[in-house]
Amino acid sequence: GQPERDGRGCTNKTAMGGQGMSNVDDPKIQRLSEVALFQHCTPKELTRLASITDQAVLETGQVLCRQGEVATAAFVIDDGDANVKVGEHIIGAVGAGEIVGEMGLLDYRPRSATVVARTPMKVYVIDARRFESVLEDTPTLARNLLRELTGRIRGLDQARADEAAA
């Protein structure tokens with residue numbers, strides 16, 4: 001029969017008794033499937049995405065991306081934590097299972113923030129030019145990206161409205 005899928009559209013290994021597609025056991029594909037941006041991707045799409053993704057290791061204090069520099073890649077955090085800074089102000093933190101720099105996959109514009117490793121990190125690097133070819137092959141990935149980014153814009157609009165009303 002068909003493998004069961006969980007709510008994220010990923011093959012449910014336990015329902016298959018641990019059998020099934022070997023790539024589901026691939027830690028890179030597993031991590032990519034946990035990223036909100038890619039959560040609705042099929043195993044085939046995740047495999048395609050994983051094929052253009054390279055692993056990198058960073059030391060504490062190393063910069064993943066620098067505010068103002070033109071974006072050429074996004075980073076999926078596999079292990080470790082980083083601070084997100086605008087100017088000298090830390091505005092947030094990111095950790096395992098999160099993605100940074102994803103807007104750069106679409107617009108090649110200067111980075112809106114600097115991301116600095118707070119601990120040693122393992123990340124998966126998604127090159128923007130290679131990602132474009134994947135988007136052309138996988139329309140659902142493009143749709144999910146649009147949904148995720150639209151959600152963010154709505155969140156920013158709501159925050160702005162709340163601020164104006166305060």
Side-chain angles (χ1 to χ4, degrees), residues 5-10 28-56 58 62-119 121-166:
R5 299 193 181 279
D6 65 19
R8 295 180 319 217
C10 299
K28 185 192 288 186
I29 292 171
Q30 183 60 44
R31 177 56 81 199
L32 290 172
S33 77
E34 293 164 1
V35 174
L37 208 53
F38 307 134
Q39 67 186 350
H40 300 292
C41 292
T42 65
K44 184 180 174 188
E45 290 163 350
L46 289 168
T47 301
R48 176 83 174 88
L49 186 58
S51 73
I52 62 141
T53 305
D54 300 309
Q55 191 172 49
L58 291 96
Q62 242 181 305
V63 174
L64 269 83
C65 48
R66 194 175 303 279
Q67 185 177 355
E69 286 184 0
V70 174
T72 57
F75 307 91
V76 172
I77 301 170
D78 188 39
D79 192 37
D81 296 293
N83 286 326
V84 180
K85 294 168 42 172
V86 172
E88 290 307 307
H89 301 284
I90 294 174
I91 60 160
V94 288
E98 294 186 84
I99 187 170
V100 293
E102 68 281 11
M103 289 188 293
L105 291 176
L106 298 173
D107 67 4
Y108 302 101
R109 300 275 306 273
R111 300 278 189 200
S112 58
T114 297
V115 180
V116 183
R118 193 170 60 207
T119 65
M121 298 180 76
K122 283 197 304 200
V123 299
Y124 292 116
V125 183
I126 303 172
D127 175 80
R129 300 214 183 281
R130 291 165 79 191
F131 184 73
E132 258 181 35
S133 70
V134 173
L135 279 184
E136 287 168 16
D137 300 344
T138 53
T140 51
L141 181 56
R143 231 185 347 266
N144 289 332
L145 208 56
L146 287 170
R147 257 190 216 123
E148 176 72 16
L149 296 173
T150 301
R152 288 187 190 183
I153 292 166
R154 287 186 191 277
L156 292 170
D157 286 347
Q158 185 61 54
R160 204 174 291 138
D162 293 348
E163 215 171 81

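Only a predicted model underlies this, so the values are computations on that prediction, with no experimental measurement involved.
Residues V84 and A113 share a closest heavy-atom pair of CG1-CB, 3.8 Å. G68 approaches P110 most closely through the heavy-atom pair O-CB, 3.4 Å. Taking all atoms of both residues into account, the shortest heavy-atom contact from G80 to T119 is CA-OG1, 3.2 Å. Nearest heavy-atom pair, A73 versus L105, reported as atom, atom and distance to 0.1 Å: C-CD2, 4.4 Å. Closest non-hydrogen pair, G104 versus A128, comes out as O-CB, 3.9 Å. When all heavy atoms are compared, the tightest approach of I29 to T47 is CD1-OG1, 3.7 Å.
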Show every donor-acceptor pair shorter than 3.5 Å between a side-chain atom in residues 133-147 and any protein atom, with sequence neighbours excluded, or say none if there are none.
from	atom 1	to	atom 2	distance (Å)
S133	OG	R130	O	2.8
D137	OD2	R48	NE	2.9
D137	OD2	R48	NH2	2.7
T138	OG1	V134	O	2.6
T140	OG1	E45	OE1	2.9
T140	OG1	E45	OE2	2.2
N144	OD1	R147	NH1	3.3
N144	ND2	T140	O	3.2

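Not a single donor-acceptor pair under 3.5 Å links the side chain of K28 to the backbone N or O of Y124. When atom types are taken as modelled, the side chain of R118 and the backbone of N83 share no donor-acceptor pair closer than 3.5 angstrom. For the pair T114 (side chain) and Q67 (backbone), a donor-acceptor distance under 3.5 Å is present.
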Step-by-step side-chain contact (heavy atoms from CB on, under 4.5 Å) determination, I126 to V76: CA-CA 8 Å; I126 303 172; V76 172; 3.9 Å; yes
For L49 and F131, run side-chain contact (heavy atoms from CB on, under 4.5 Å): C-alpha distance rounded to whole Å, both residues' side-chain angles, the deciding distance at 0.1 Å, then the answer. CA-CA 8 Å; L49 186 58; F131 184 73; 3.8 Å; yes
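Two residues are said to be in side-chain contact when any heavy atoms from C-beta on lie closer than 4.5 Å; Q62 and V116 fail this criterion. Side-chain contact between M121 and D79 is absent, with no heavy-atom pair separated by less than 4.5 Å. Inter-residue side-chain proximity for F38 and L46 is flagged as met; some heavy-atom pair is nearer than 4.5 Å. Looking only at side-chain heavy atoms (C-beta outward), D81 and V94 stay at 4.5 Å or farther from each other. Contact check for M103 versus L149: side-chain heavy atoms found under the 4.5 Å cut-off. Side-chain contact between L58 and L64 is present, with heavy atoms from C-beta onward closer than 4.5 Å.
With rounding to the nearest 0.5 Å, the separation of CD in Q158 from CD1 in I153 is 14.5 Å. Of the inter-residue distances, the one linking T53 atom OG1 with R31 atom CZ reads 13.5 Å to the nearest 0.5 angstrom.
Between E69 and R66 there is a salt bridge, since a side-chain N of the basic residue sits under 4.0 Å from a carboxylate O of the acidic one. A salt bridge is defined here as a Lys NZ or Arg NE, NH1 or NH2 lying under 4.0 Å from an Asp or Glu carboxylate O, and D157 with R160 meets this definition.
Under a cutoff of 6.0 Å and an axis angle of 45°, R129 and Y108 form a cation-pi pair.
The salt bridge (charged side-chain N to carboxylate O under 4.0 Å, His left out) contacts involving residues 97-116 comprise E102-R152, where partners must be two or more places apart or lie in separate chains.
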